[in-house]
Chemist: 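One structure, pasted below without further comment.
Per chain, numbering begins at 1; letters A, B, ... match sequence-line order. Nothing here was measured: the structure is a model prediction, and the numbers come from that model.
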Amino acid sequence: MTHQEQLNPAQREAVEHTGGPLLILAGAGSGKTRVIVHRIAHLIQRHQVHPQHILGVTFTNKAAGEMVSRVARLLSDASRRPTWISTFHSLCARILRREAPALGFPRSFTIFDADDQLRMIKQVAEEMGIPKDGPSVASYQSFVERARNRGWLPQAAFEQSPKNHHQLCAQLYERYHQRMRANGTLDFGDLILAVIECLERFDPIRERYLAQWQHILVDEFQDTNPAQYRLLKLLTNSPFHIAAVGDDDQSIYAWRGATVENLLGFEHDFPGCRVVRLEQNYRSTQAILDLANAAIAVNRTRLPKVLWTTNRHGPKPVRFTGRHEGEEAAYIARQIELQRKRHQVEYGDIALFYRINAQSRIYEEQLRRSAIPYRVIAGTSFYEREEIKDILAYLRLAINPADDIAAMRIANVPRRGLGAKGSDQVKLRAQERGIPFFPALESMLEQNNAPCFRKQTREALQQLAALIRRLRSEARSATPPSQLTSWLIEQIDYLGYLQAVHPENAADRFDNVQELVNAMRDFEEERPLRHGESDTSLQGFLETSALVQAADQPTAQGAVNLMTIHAAKGLEFQVVFLTGLEDGLLPLVRGGAEEPENPDEERRLFYVAMTRAKEQLFLTDCLSRRLFGNSVANQPSRFLEAIDDRLLQTDPTSCRLFSPEGTAGYSTRSRSYPIPRTLADPDDTARSFATAPRRRLPESSETWTRKSREVPPPAAGRSPDPLRVVEELAIPPDGLRLQRPTRDGSELDALVGRIARHRTFGEGRITRAEYSGQRIKLTIQFPSVGTKCVISSYVEVV
DNA sequence: ATGCATTAAATTTTT
DNA sequence: TTTAATGCAT
């Protein structure tokens with residue numbers, strides 16, 4: 001066996017340890033996945049563990065997929081590959097497809113996303129007569145989520161919630177939970193909870209799974225919530241063949257219920273546990289690791305570890321402070337081009353991180369202006385789009401007639417004349433008879449002696465009922481989902497509906513629906529329906545679509561990557577810009593609060609962000625930032641203040657300067673200030689540092705109060721027009737001109753006033769043109785249909 | 001049902 | 001600033 005030669009001693013220990021529980025503390029970039037994958041291979045090859053007896057659990061489908069494919073690469077014999085590597089949620093769904101009847105709901109259960117959940121909570125709140133002017137529905141949702149994360153069934157929620165308001169929350173949770181189970185619908189949290197319930201209540205079932213999995217591996221253990229940990233414990237029996245891999249320093253999902261205590265308490269829960277630390281980092285330069293180590297060392301409750309590497313020392317991370325966010329953005333754009341020129345870094349190897357999505361706009365604008373290709377990793381997932389959810393709701397209803405949220409969603413989509421009033425009647429009937437919404441609707445349609453609804457509505461609804469019945473039988477007879485869906489959208493004339501309701505982007509939305517059909521086709525090819533399986537292929541697709549985000553966008557080669565720090569976890573880039581390093585933003589201080597909610601977690605975010613960088617790290621901020629409408633002056637992030645200045649170099653063009661001696665100051669840079677040679681060029685570092693002008697910070701200044709509102713610009717007196725400044729800086733000062741045509745608005749101006757021809761709206765005059773993401777959005781006055789907004793690619797300019 | 005105006009609220013989001 | 005949600009008049 002050659003593969004173990006690639007492992008360092010700690011990794012090898014983590015791979016080879018057997019006979020008891022194992023906790024692997026895997027620092028950032030320490031080859032964690034390599035260890036897990038090798039461990040699986042080792043168990044199979046060296047210890048003759050049957051692949052079916054290995055369970056690998058991750059949080060993301062991406063991680064699960066990577067694990068599967070890397071194990072496959074190690075094991076040439078396909079028949080020896082483990083078949084139980086998946087996310088917590090997929091695992092639980094798979095278990096419940098077998099065990100659901102024991103808990104009293106059918107195997108054909110459907111899965112709710114957060115939006116469905118919210119709708120159900122709204123529904124329940126309404127039924128309970130909870131006034132609308134009270135606490136928001138979202139606050140009830142977060143109560144439910146908290147209960148789920150902690151593994152509380154309603155009973156436990158009651159016991160744990162002494163206060164009045166929480167008692168009401170618990171009541172709502174109870175009704176919600178009953179309703180969900182009665183409907184055969186499960187939210188994400190309940191997938192876990194239902195399996196826990198099943199294992200705790202039915203010993204034979206638990207025995208079966210205990211026998212099934214003799215070795216368990218858990219990835220990203222620091223991200224588990226109490227419910228998930230409880231599940232793991234239920235699946236693990238003496239001699240506790242469980243290996244947990246995690247890094248307490250990278251725990252950034254506490255707000256979603258993850259608790260580092262799981263990791264900290266692991267040794268206690270599994271006595272005799274072996275702990276292995278992976279501290280050798282294979283990703284970053286020592287200069288970056290020095291900074292990251294220094295930053296995280298401040299946290300009190302952590303398992304001490306220090307990352308080191310045999311990589312070169314590399315240039316020190318660079319500090320830059322702009323006077324406002326436009327300057328920060330312009331600096332980044334300039335620096336991106338420099339990095340490309342001097343270090344042959346490709347756009348795709350560069351990333352820009354921010355704490356909150358709202359920050360991204362300014363960077364996008366600047367990158368566009370500088371003609372730098374970029375992509376933003378974020379946004380609503382494909383499966384959260386309204387049009388996709390509509391179609392999926394039809395299919396869900398076909399699979400699960402009791403899925404009320406799906407039924408209520410499509411009962412009047414497309415319009416069938418069933419408004420709020422008619423809908424209430426159906427709900428009333430459902431409540432009276434204790435049956436779900438759709439069956440109640442059907443029963444009202446069959447009632448001939450005293451017909452419900454007016455004629456037109458009734459006929460439309462009868463058609464709907466027939467349609468759903470047809471879908472149901474087709475699904476049972478294993479008609480391919482793609483075929484079924486094509487038929488469905490035809491039947492309901494969904495395109496027509498979209499054009500009526502969303503004339504401005506009906507075509508885009510319909511494209512998405514077509515994309516859904518394509519996704520189904522892919523699914524069918526990948527996973528042909530095996531006869532005798534308990535689920536239909538449609539059910540399989542619905543499950544996949546609920547538990548798998550739209551296929552991860554391929555890491556675009558030629559584009560700078562913009563994302564939140566959370567989204568950056570697990571990724572790595574040559575060059576990283578960590579932006580908005582200001583107190584209030586990172587650490588983030590919410591709304592009216594004085595202090596960050598969880599400063600340690602914010603610091604871990606800082607740490608995660610820095611450890612993504614392989615070669616060069618930029619830490620940027622600005623003196624005053626416009627966010628949500630008004631300008632705020634922020635102090636530099638407290639995270640930086642705790643760090644020895646010698647670990648950093650300040651860009652001489654920065655308006656605030658730090659020196660190794662610890663004297664800080666800011667310069668008033670005039671427009672003619674010569675921009676020095678390239679930064680982040682290791683050889684230049686010392687020189688540019690030495691020549692950087694230094695000025696003392698005024699001892700105290702009223703204008704620099706923390707989190708002040710309107711802020712007079714520093715020193716300069718009068719604020720330069722931000723746009724102006726940005727334009728100036730967009731042209732790199734060393735004379736390098738951007739070759740590509742800039743999208744500065746001239747092409748927009750050229751459009752306004754002209755006549756455009758649209759396929760359905762005819763001809764009209766363009767009154768406005770603006771960028772909308774990468775596209776151009778036009779406002780056009782059509783004589784026939786009035787003013788419409790259209791994406792430029794849908795019209796022909798005459 | 002639909003369009004408009006006003007108002008409020010605005011981390012992070014693996015499943 | 002932007003966005004979404006709500007209420008109100010059509």
Chemist: If the threshold is 4.0 Å, N to carboxylate O, is there a salt bridge linking A:Glu66 and A:Arg70?
Modeler: yes
Chemist: Using side chain to side chain contact (heavy atoms under 4.5 Å, CB included), reason through A:Phe112 and A:Ile405 one step at a time and then give a plain yes or no.
Modeler: CA-CA 9 Å; A:Phe112 270 23; A:Ile405 296 300; 3.4 Å; yes
Chemist: Atom CG of A:Leu193 and atom P of B:dT15: how far apart are they, to the nearest Å?
Modeler: 20 Å
Chemist: Identify, between A:Arg590 and A:Lys569, the residue whose nearest nucleotide on DNA chain B lies closer to the 5' end.
Modeler: A:Arg590
Chemist: If the C1' atom of C:dT3 is compared with that of B:dT14, how far apart are they to the nearest Å?
Modeler: 26 Å
Chemist: Between A:His89 and A:Leu418, who's closer to the 5' end of DNA chain B by nearest nucleotide?
Modeler: A:Leu418
Chemist: Tell me whether A:Arg604 is salt-bridged to A:Asp248, with the criterion being a basic N under 4.0 Å from an acidic carboxylate O.
Modeler: no
Chemist: As a test of reading the structure: which of B:dT14, B:dT11, B:dT12 is closest to the side chain of A:Phe59, going by heavy atoms?
Modeler: B:dT14
Chemist: Roughly, in whole Å, what's the span from CD in A:Glu384 to C1' in B:dT15?
Modeler: 11 Å
Chemist: Just checking A:Tyr253: base, sugar-phosphate only, or nothing, at a heavy-atom cut-off of under 4.0 Å?
Modeler: base
Chemist: Just to be sure I understand the rule, does A:Asp113 reach a base, reach only the sugar-phosphate, or reach nothing, if contact means heavy atoms closer than 4.0 Å?
Modeler: nothing
Chemist: Is any side-chain N of the basic residue among A:Glu543 and A:Arg94 closer than 4.0 Å to the acidic one's carboxylate O?
Modeler: no
Chemist: So for A:Arg626 and C:dT1, does any side-chain atom that can act as donor or acceptor lie under 3.5 Å from a complementary atom in the base?
Modeler: no
Chemist: Could you tell me whether the phosphate oxygens of C:dT2, OP1 or OP2, come under 4.0 Å of any side-chain nitrogen or oxygen in A:Asn357?
Modeler: no
Chemist: Could you state the atom-to-atom distance from CG of A:Leu118 to C1' of B:dT15 in whole Å?
Modeler: 17 Å
Chemist: Determine the contact category for A:Glu220: base if any of its heavy atoms lies under 4.0 Å from a base atom, sugar-phosphate if only primed atoms, P, OP1 or OP2 are that close, otherwise nothing.
Modeler: nothing
Chemist: From C-beta outward on A:Arg415, which listed nucleotide comes closest to its side chain: B:dT13, B:dA1, B:dT15?
Modeler: B:dA1
Chemist: Considering only the C1' atoms, how many Å lie between B:dT11 and C:dT6, rounded to the nearest integer?
Modeler: 24 Å
Chemist: Taking the side chain of A:Thr60 as its heavy atoms from C-beta onward, which of B:dT15, B:dT11, B:dT13 lies nearest to it?
Modeler: B:dT15
Chemist: Using atom CE of A:Met563 as one end and atom P of B:dT12 as the other, report the distance to the nearest whole Å.
Modeler: 15 Å
Chemist: Would you please indicate yes or no on a ring centroid separation below 6.0 angstrom for A:Phe577 and A:Phe353?
Modeler: no
Chemist: Contact class for A:Leu588 (heavy atom, under 4.0 Å): base, sugar-phosphate, or nothing?
Modeler: base
Chemist: Kindly confirm whether the side-chain ring of A:Trp255 is stacked on the base of B:dT11, judged by centres under 5.5 Å and planes under 30°.
Modeler: no
Chemist: CZ of A:Phe628 versus P of B:dT11: gap in Å, rounded?
Modeler: 5 Å
Chemist: Look at A:Ser90 and B:dT15 and indicate whether a side-chain polar atom (N or O) is within less than 4.0 Å of OP1 or OP2.
Modeler: no
Chemist: Is the shortest side-chain N/O distance from A:Asn61 to OP1 or OP2 of B:dT15 below 4.0 Å?
Modeler: yes
Chemist: Between B:dT15, B:dT13, B:dT11, which nucleotide has the shortest distance from any of its atoms to the side chain of A:Thr87?
Modeler: B:dT15
Chemist: Could you give the CG-to-P distance, from A:Asp115 to C:dA4, as a whole number of Å?
Modeler: 13 Å
Chemist: Check this for me: does the side-chain of A:Arg361 come within 3.5 Å of the base of C:dT2 through a donor and an acceptor?
Modeler: no
Chemist: Starting at CZ of A:Phe606 and ending at C1' of B:dT11, how long is that distance when rounded to a whole Å?
Modeler: 18 Å
Chemist: Could you check whether A:Gly419 gets within reach of a base, just the sugar-phosphate, or nothing at all, counting any heavy atom under 4.0 Å?
Modeler: sugar-phosphate
Chemist: Assign the ring pair A:Phe109 / A:Phe105 to parallel, tilted or perpendicular, where the plane angle (0 to 90°) is split at 30° and 60°.
Modeler: perpendicular
Chemist: Under 6.0 Å between the ring centres of A:Phe143 and A:Tyr140?
Modeler: no
Chemist: Could you tell me how far apart A:Glu364 (CD) and C:dT2 (P) are, to the nearest whole angstrom?
Modeler: 13 Å
